[in-house]
Amino acid sequence: MGRFTNPRDLYLGEGARHEVKNLKGSRAVIVSGGSSMRRGGFLQEIQADLESAGFEVRLVESDPSVETVMRGAAFMAEFSPDWIVAIGGGSPIDAAKAMWIKYEYPETTFEDMCKVFGLPELRTKAHFCAISSTSGTATEVTAFSIITDYERGVKYPIADFQITPDIAIVDPELMDGMPRSLKV
């Protein structure tokens, strides 16, 4: 038997990123990639859209490493977001997925996260929105995340239907200015 899990909603097309205005909640954390989202003004637009919807918004760094995941989850524990919005390529979305697990279940170890399809039910504290800026991994619509342990020099997969985003947004305008290799 097979199983295929998709996000509840998938928005596709130019300007789709503005759908974050329709999220319901009071606090959101944005996990963003490198400077390209800031340089293109997209990060600022997402933040402004969330704020116009009444959210208090905070930003979190996104390197998909064990250390960053733990720091991001600790920040989330203090801030208590009801939405986690990841914007960028596979790295920030993967990092945000792991932060989400640790935020929802602080006692979960990184090793627990890596047990294939062994996560408890998420969405007790927050929902997840993934906004992709590149083509390739499709992490915005999948149940997978790759996190690097720099200390060991190993990349670990996290695989569980629980980390499939609630909402995926694919807006081709976010690829403006990106190298062609990231667009195909």
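Note that these values count all heavy atoms, side chains included, but never hydrogens, waters or copies made by symmetry.
- Annotation: side chain of S26 is not in contact with side chain of E56 (no heavy-atom distance under 4.5 Å).
- Chaining together hydrophobic side chains whose heavy atoms lie under 4.5 Å apart places V141 alongside L10, L12, V170.
- E140 places no side-chain N or O within donor-acceptor distance of the main-chain N or O of A168, the cut-off being under 3.5 Å.
- Looking at E104, its side chain does come within 3.5 Å of a backbone N or O of R123 through a donor-acceptor pair.
- Between P165 and A130, the shortest heavy-atom contact is CG-CB, 3.8 Å.
- No path of Ile, Leu, Val, Met, Phe, Trp and Tyr side chains, each step under 4.5 Å between heavy atoms, connects V29 with F42, placing them in separate hydrophobic clusters.
- With K97 contributing its side chain and I158 its backbone, the two residues share no donor-acceptor pair below 3.5 Å.
- When all heavy atoms are compared, the tightest approach of D82 to F55 is OD1-CE2, 3.7 Å.
- Expressed to the nearest 0.5 Å, how far OG1 of T142 lies from CD1 of I93 amounts to 9.0 Å.
- For the atom pair CD (E19) and CZ (R17), the distance works out to 11.5 Å, reported to the nearest 0.5 Å.
- Pairing each heavy atom of M175 with each of T134, the nearest pair is CE-C, 3.7 Å.
- D166 places no side-chain N or O within 3.5 Å of a backbone atom of H127 that could act as its donor or acceptor partner.
- Between the side chain of E173 and the backbone N or O of G15 there is at least one donor-acceptor pair closer than 3.5 Å.
- The aromatic rings of F117 and F161 lie tilted to each other, with the angle between the two planes from 30° to 60°.
- D9 contributes no side-chain N or O that, together with a main-chain N or O of I167, makes up a donor-acceptor pair within less than 3.5 Å.
- For T164, the side-chain contact (heavy atoms from CB on, under 4.5 Å) partners are T5, P7, A143, not counting sequence neighbours.
- Cluster annotation: M70 and Y156 are assigned to the same hydrophobic cluster (Ile/Leu/Val/Met/Phe/Trp/Tyr, side-chain heavy-atom contacts under 4.5 Å, transitive).
- Scanning both residues, A16 and D171, for their nearest heavy atoms gives N-OD2, 3.0 Å.
- Taking the salt bridge (charged side-chain N to carboxylate O under 4.0 Å, His left out) definition, one finds that K21 meets it with D49, sequence neighbours left out.
- The closest donor-acceptor contact from the side chain of W100 to the backbone of A126 lies under 3.5 Å.
- The minimum heavy-atom distance between A77 and Y103, with the atom names listed, is N-CD1, 3.7 Å.
- Rounding to the nearest 0.5 Å places CZ of R27 at 13.5 Å from CE of M76.
- Taking CD from Q162 and CZ from F128, the interatomic distance works out to 13.5 Å, rounded to the nearest 0.5 Å.
- No chain of hydrophobic side-chain contacts below 4.5 Å, direct or via other Ile, Leu, Val, Met, Phe, Trp or Tyr residues, connects F144 to L122.
- Looking only at side-chain heavy atoms (C-beta outward), S91 and P64 come within less than 4.5 Å of each other.
- Atom OG in S145 sits 5.0 Å away from atom CD1 in I163 (nearest 0.5 Å).
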Full working for side chain to side chain contact (heavy atoms under 4.5 Å, CB included) between M37 and I30 | CA-CA 12 Å; M37 291 297 95; I30 299 174; over 6 Å; no
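- K24 and W83 get closest at one heavy-atom pair: O-NE1, 2.9 Å.
- Taking CD1 of I46 as the reference point, atom SG of C129 lies at 7.5 Å (rounded to 0.5 Å).
- At least one donor-acceptor pair under 3.5 Å links the side chain of Y105 to the backbone N or O of E121.
- Although no hydrogens or angles enter the test, the distance criterion places a donor-acceptor pair under 3.5 Å between the side chain of K102 and the main chain of T108.
- Between L174 and I169 the shortest side-chain heavy-atom distance does not fall below 4.5 Å.
- I147 places a side-chain heavy atom less than 4.5 Å from the side chain of F110.
- Side-chain heavy atoms closer than 4.5 Å link hydrophobic residues (I, L, V, M, F, W, Y) into clusters, and following such links, even through other members, never connects L59 to F75.
- Annotation: side chain of I84 is not in contact with side chain of M99 (no heavy-atom distance under 4.5 Å).
- The shortest distance between side-chain heavy atoms of D160 and I101 does not fall below 4.5 Å.
- A continuous path of ILVMFWY side-chain contacts below 4.5 Å connects V57 to L23, so both sit in one hydrophobic cluster.
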